[in-house]
Visitor: 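Just passing along the structure, written as structure tokens.
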Amino acid sequence: MNRALIVIDVQESFRAQPNWDQIGNPKIAEPVNRLVRLARANGDLVVWVLHAEAGSGGAFDPVNGHVRLMDEVGPPLAGEPMLRKTSHNAFTTTNLQQLLTEAGVRELVVCGIRTEQCVETTARIGSDLGYQVLFVTDATTTGPVGGFSVEEITARTKAVLRDRFAAIVSVAELE
């Protein structure tokens with residue numbers, strides 16, 4: 001096993017927020033599930049990551065019940081790690097790097113929610129740690145931020161990652 005699929009923050013917390021109706025792809029579970037099936041068929045490691053903000057009282061506070069995979073995603077199989085992070089990337093506050101090292105992983109496929117935030121940040125750090133990174137843009141989603149549309153944010157993310165931090169790919173290209 002030298003490849004891992006990292007599924008980042010595809011969780012109910014986002015749907016519990018009032019701005020979910022502005023999300024670029026509310027059916028994000030569909031391309032994510034395609035990637036999960038592909039990874040499992042290839043014998044790749046699948047790692048599930050959820051964002052939690054304990055004590056915040058908001059949608060990411062585990063006590064409110066939203067810090068769980070979206071109902072349409074998964075479920076994880078036995079042996080597939082489920083990590084909880086408290087930072088914007090999947091490495092800093094988890095044992096992800098240790099898991100990947102122990103499994104002999106050299107290549108990461110990243111997908112999930114907040115294209116420009118948690119998914120992009122994970123891709124950048126993964127690249128800095130020496131992993132080959134595949135950023136699956138059509139298996140990510142986000143909402144408008146700072147006056148920028150979803151399309152503008154996605155185009156910017158692809159531009160800054162491409163050929164520096166990650167290869168930009170689609171689900172269909174991986175299939």
Visitor: Using the ring centroid of each side chain, check whether Phe165 and Tyr131 are separated by less than 6.0 Å.
Guide: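 No.
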Visitor: Is the backbone N or O of Val150 less than 3.5 Å from a side-chain atom of Thr142, with the two atoms forming a donor-acceptor pair by type?
Guide: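 No.
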Visitor: Using modelled atom types only, decide if a donor and an acceptor are shared between the side chain of Gln22 and the backbone of Asn19 within a distance under 3.5 Å.
Guide: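 Looks like no, no N/O pair under 3.5 Å.
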Visitor: Inspect the surroundings of CD in Gln132 and state if more than 12 heavy atoms from other residues, nucleotides or ligands are less than 6.0 Å away.
Guide: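 Result for CD/Gln132: open.
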Visitor: For residues Ala29 and Val73, report the shortest heavy-atom separation together with the two atoms involved.
Guide: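 Reported closest heavy-atom pair: CB-CG2, 3.5 Å.
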Visitor: Answer with yes or no whether the side chains of Thr115 and Thr140 bring together a donor and an acceptor at under 3.5 Å.
Guide: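 Side-chain D/A pair, Thr140 to Thr115: present.
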Visitor: Does Glu53 have any side-chain hydrogen bond (donor to acceptor under 3.5 Å, both in side chains) partners at least two apart in sequence or in another chain, and if so, which?
Guide: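 For Glu53, the residues satisfying side-chain hydrogen bond (donor to acceptor under 3.5 Å, both in side chains) (neighbours in sequence not counted) are His51.
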Visitor: Which pair of non-hydrogen atoms, one from Leu5 and one from Cys111, has the smallest distance, and what is that distance?
Guide: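 Minimum heavy-atom separation between Leu5 and Cys111: CD1-SG, 3.9 Å.
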Visitor: Identify whether the distance between the nearest side-chain nitrogen and carboxylate oxygen of Arg156 and Glu120 falls below 4.0 Å.
Guide: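 Salt bridge: yes.
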Visitor: With sequence neighbours left out, what residues match His66 under side-chain hydrogen bond (donor to acceptor under 3.5 Å, both in side chains)?
Guide: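 Once residues adjacent in sequence are excluded, His66 has no partner under the side-chain hydrogen bond (donor to acceptor under 3.5 Å, both in side chains) criterion.
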Visitor: Salt bridge check: are Glu80 and Arg40 linked by an N-O gap of less than 4.0 Å?
Guide: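 Result for this pair is yes, salt bridge flagged.
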Visitor: Restricting to non-hydrogen atoms, name the atom on Pro81 and the atom on Leu45 that form the minimum distance, rounded to 0.1 Å.
Guide: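 So the minimum-distance heavy-atom pair works out to CD-CD1, 3.9 Å.
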Visitor: When Asp9 is tested against each of His88, Arg114, Lys85 for side-chain hydrogen bond (donor to acceptor under 3.5 Å, both in side chains), which residue passes?
Guide: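 Running side-chain hydrogen bond (donor to acceptor under 3.5 Å, both in side chains) over His88, Arg114, Lys85 with Asp9 returns exactly one hit, Lys85.
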Visitor: Check Val10 against Val32 and note the closest heavy-atom contact, atom names and distance.
Guide: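 Minimum heavy-atom contact is CG2-CG2, 4.2 Å.
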Visitor: Answer with yes or no whether the hydrophobic clustering places Met70 together with Val110; edges join I, L, V, M, F, W, Y residues whose side-chain heavy atoms lie under 4.5 Å apart.
Guide: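 Met70 and Val110: separate clusters.
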